[in-house]
A.B. asks: 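Questions regarding the structure given below will be posed in turn.
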Amino acid sequence: MGLLSLGTPLDWHDANKFNEHVRENGIKQLINIFKQHSTTRVQDPFYWGEEVEYMLVDIDSKSRTARLAIDKDYILNDLNDPEKPESYEKSISNNISFHPEYGRYMIEATPLRPYHGDLLDDYVYVEENMIQRRKVSESELPKNIKPLTLTSFPRMGCDNFTSPPAKPIGPASQSLFLPDEIINRHVRFPTLTANIRKRRGCKVAINLPMYPDINTKLIDDSIPKNRDLFDSDKEPWLGASKPGHVYMDSMGFGMGSSCLQVTMQAQEINEARYLYDTLAPLTPIMLSLTAAAPIFKGFLVNQDVRWNVISGAVDDRTFIERDVEPYPGYDFFGGLDVADEDKKHMETLGGGRGVNGDRISNRYGDTKLRTTDGKPIQKITKSRYESINSYLSDYKYSKKTDVYFKDKYNDIYMPMNTKVYEQLMDSKLFDPIMAQHFAYLFIRDPLVIFSERIDQDNELENDHFENLQSTNWQTLRFKPPALYPKDTTPQELATKPGWRVEFRPMEIQLTDFENAAYSVFIALLSKAILKFKPDFYIPILQVDENMETAHKVDSVLKDKFWFKASCKWGLNNDEFIGYDLSWFDRFINRGNDELGVDDVYVNGYSSHAKDNVINGNSRDDAPCDYNESKYTVDEIINGGEDFPGMIKLIIKLVATELLPESSQHHCESLQLANTMLKLQNYLRLISYRASGKIPTIAHWIRHKALSSPLYKQDSKVSEDLAYDLIRDATRLSDLDFSDPELFTSYFGTSITNFLRSNSNST
Ligand code: ADP
Ligand code: MG
Ligand code: MG
Ligand code: MG
Ligand code: MG
Ligand code: MG
């Protein structure tokens, strides 16, 4: 998202009248995009980039408090304002782009120019760029304010979690816990918040299971009982909050968390489709491997990640679309404009269930229920923020030979905007699977419409398309190029972003080293996928089941995930033998002794971790007569006895594609050795997290909280305890080695040694 232009956003009920207009013109814009780019862009370089989201935290060691700073958002304006050269120049000269995010306490930063995926050096430049982002933003902030990469802020929604203090009495969110002052000042954001609530017909409701401990009262006692400020104040008592769960009622709990996203450019559209599909089964695996969110609203919760929180936080579906009973006195249709006769039709159904057990028949919009602008009212199984609903298919990429995709893999309920589907098919520029993808995105209503932006030139602008595209927040995003004037030369066009795939499930990590490691991992894995062309297709239903599994506490160690049976990946294991972490040692020509490769298991983790790891290896020793199997994350990442893991794919790619010609057989310079050492440690981090040698962040935080003397075995995270956690997070992200045990508990010994020797040498 670029910087936001100002304008007048329409309230939900006024915007409603333009929903169909936005969709209709958005689709015309999409068709024009396909006209302009689908056959012309065929040789784009593998550019890529990542996005890191930060929380500005006000840390006071005297009072032992850590609070979200909601009055420092001016730095974003300064860093983006050419008229403030002393700030602006710092972003530009360091190749950084700062962006606004949902929270007023948040900033997002990306490289200004993308990285070049063919250049080995760019993979180690990523971390340097990330380090500069912290430095530049810190230089604009008072000393006590730190930009931290926390996935969830532990005490968000508790008393006094902001600096300066603010009260949860805001009309945009109507939250019982979050003040509107945490929301970005730009009108787009409070409007987004309010319109989700208005469309849905009630506040969003997120219920996370509490982590049960010996003194835990399985009740969320932070819900105010007698507030009478908004009608919605009674919702928790009407069924919105669930016993034994932490209840959250506002967009900010999700969109106010931070994540790590990586965007890759494919050569051409069909390559992008294959990449999108092949990354899909990896999305839950990477969610599990980046798990970093065990605490919400001051409670330890019985899950490890943020995903379902954001999913719930922007869920604008009405009761009827979700196919659930409304709260007493609430409308099935929420904020949809529905004619009286249609509402009557609903009454004749008596709110009961018809054929198939559904209230409304749905899949192709063959329901009698319509909004006043003629849009069918459908059952919608997923929130706007969810895992992808279908694959895009590789059948064009593979030019009909060796097609991996099969129709049976798109096996889940797929509501569609049939009007959009037909429009796209009529254009002859879309095949049914591609058309269905966009027809699915376009079942949604636009959430924010600016009155100044209603009329657009569909030959030149694509805001209406982007309006819907960018408010479908899925695990992957298929990003088409933008529209450019017809007289743009091919040379000029080649400099603009092409067909891209965005990888979106990962949680943000505490340090630049980790965020660089995971970003580089995804970029290199994508490149390896395009080179070795594995078949990772499994049914979407199983990908979705894996998403649920990835939420579980320590899923990395305790659970197995559906994945393509390794004998069906189409890879020959023999080709990958030797491409494990020690390949780097041999290449750099250094003995293991200097690197301390024999890692010590981290205290309190792997000792019990080892017990937790599922016994037995699930490698396919049976004849290969089935398509899917269940694997541990360790097996998928590090490989099994007769199949390579993701890491070997990457190392082989580095060894055979990315090394300069002259270095293929020996390491020719110290600089190259350092580059390789860094890459080795990135992969080591991921390998060790996968195998349980070192903990996930979620595990590390939970363990820290549970073993703190400040913890009372009641699942609650007090301000004192949260301060300790955030202080340690700060030391980690600052690479402040004053407490070496902090680092070994988090990274293990060999990565800690690497980081220390690295920080000594610079
Ligand atoms: P969004 O929020 O819509 O995902 P951002 O602009 O925040 O978009 O992030 C996009 C990412 O894509 C950035 O890391 C940017 O460097 C990267 N990027 C920019 N141009 C390209 C390109 N041509 N190919 C791949 N990645 C790109
Ligand atoms: Mg962004
Ligand atoms: Mg964005
Ligand atoms: Mg963002
Ligand atoms: Mg976010
Ligand atoms: Mg993004």
Side-chain angles (χ1 to χ4, degrees), residues 1-5 47-56 73 76 79-80 91 95-115 126 129-130 133 137 147-153 182-184 186 188-189 192-193 251-266 272 275-276 279 283 286-287 290 292-293 306-307 309-311 313-314 384-388 441 447-448 463 465-482 497-509 515 518-519 522-523 526:
M1 186 191 306
L3 265 203
L4 301 147
S5 53
Y47 288 147
W48 70 282
E50 32 63 38
E51 301 160 64
V52 174
E53 293 172 342
Y54 306 81
M55 298 187 186
L56 304 181
D73 48 330
L76 269 176
L79 288 164
N80 280 295
S91 337
N95 189 31
I96 304 170
S97 171
F98 288 98
H99 311 209
E101 251 303 331
Y102 180 82
R104 199 176 289 181
Y105 56 88
M106 291 173 87
I107 53 178
E108 180 183 294
T110 69
L112 181 60
R113 290 178 303 279
Y115 313 116
V126 177
N129 190 279
M130 288 179 178
R133 294 175 211 171
S137 44
L148 296 183
T149 38
L150 304 165
T151 294
S152 70
F153 188 74
I182 66 145
I183 306 173
N184 190 311
H186 189 283
R188 181 185 139 81
F189 297 94
L192 200 53
T193 312
M251 182 169 175
F253 283 107
M255 281 299 187
S257 61
S258 291
C259 69
L260 175 66
Q261 299 169 343
V262 186
T263 298
M264 281 89 39
Q265 178 166 280
L275 180 60
Y276 178 97
L279 288 173
T283 52
M286 296 312 293
L287 179 61
T290 53
R306 83 205 184 284
W307 186 268
V309 180
I310 318 192
S311 179
V314 293
R384 304 173 78 112
Y385 202 116
E386 251 302 358
S387 49
I388 62 162
L441 302 188
L447 288 171
V448 183
D463 286 17
F465 166 68
E466 278 296 328
N467 187 326
L468 286 149
Q469 159 93 341
S470 71
T471 52
N472 271 279
W473 299 277
Q474 302 182 3
T475 36
L476 294 164
R477 186 176 285 163
F478 183 72
K479 290 177 166 176
W499 298 96
R500 289 147 299 150
V501 176
E502 184 182 20
F503 191 81
R504 305 167 48 86
M506 295 191 288
E507 311 229 308
I508 203 78
Q509 309 291 293
N515 287 317
Y518 280 99
S519 304
I522 291 301
S526 298

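Throughout, residue positions are numbered sequentially from 1 according to the sequence presented. Remember, it's 1-based here, ligands and their atoms both numbered in the order they're listed. Every value quoted in this text rests on a predicted model; they were computed, and no experiment measured them.
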A.B. asks: Do any of the N/O/S atoms of Glu53, backbone or side chain, fall under 2.8 Å from the Mg ion (ligand 4)?
C.D. replies: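 Short answer: yes, at least one N, O or S atom is under the cut-off.
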A.B. asks: Please note down the angle at the Mg ion (ligand 2) between OE2 of Glu108 and OE1 of Glu51, to the nearest 10°.
C.D. replies: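 The two atoms subtend 90° at the Mg ion (ligand 2).
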A.B. asks: Please check: side-chain N/O of Arg104 versus main-chain N/O of Ile183, any donor-acceptor pairing under 3.5 Å?
C.D. replies: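 Here the side-chain-to-backbone pair exists.
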A.B. asks: Do the side-chain N and O atoms of Tyr102 and Thr193 include a donor-acceptor pair separated by under 3.5 angstrom?
C.D. replies: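 Indeed, the side chains of Tyr102 and Thr193 share at least one donor-acceptor pair under 3.5 Å.
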A.B. asks: Starting from the Mg ion (ligand 6), look over the N/O/S atoms of Glu502 and name the nearest one.
C.D. replies: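 The closest N, O or S atom of Glu502 to the Mg ion (ligand 6) is OE2.
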A.B. asks: Which residue, Lys479, Arg500, Arg504, forms the side-chain hydrogen bond (donor to acceptor under 3.5 Å, both in side chains) with Thr263?
C.D. replies: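 Per the side-chain hydrogen bond (donor to acceptor under 3.5 Å, both in side chains) rule, the option paired with Thr263 is Lys479, out of Lys479, Arg500, Arg504.
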A.B. asks: Got Glu386 and Ser311 here, is their nearest side-chain heavy-atom distance under 4.5 Å?
C.D. replies: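 SC-SC contact between Glu386 and Ser311 confirmed.
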A.B. asks: Distance check below 2.8 Å: does Gln261 bring an N, O or S atom to the Mg ion (ligand 6)?
C.D. replies: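 Looking at Gln261, which is the residue asked about, there is an N, O or S atom under 2.8 Å from the Mg ion (ligand 6).
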A.B. asks: So, of the N/O/S atoms that Glu101 has, which is the nearest one to the Mg ion (ligand 4)?
C.D. replies: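 This residue's closest N, O or S atom turns out to be OE2.
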A.B. asks: Is there a side chain to side chain donor-acceptor pair (under 3.5 Å) between Tyr115 and Glu50? Walk through the geometry before answering.
C.D. replies: CA-CA 9 Å; Tyr115 313 116; Glu50 32 63 38; 2.4 Å; yes
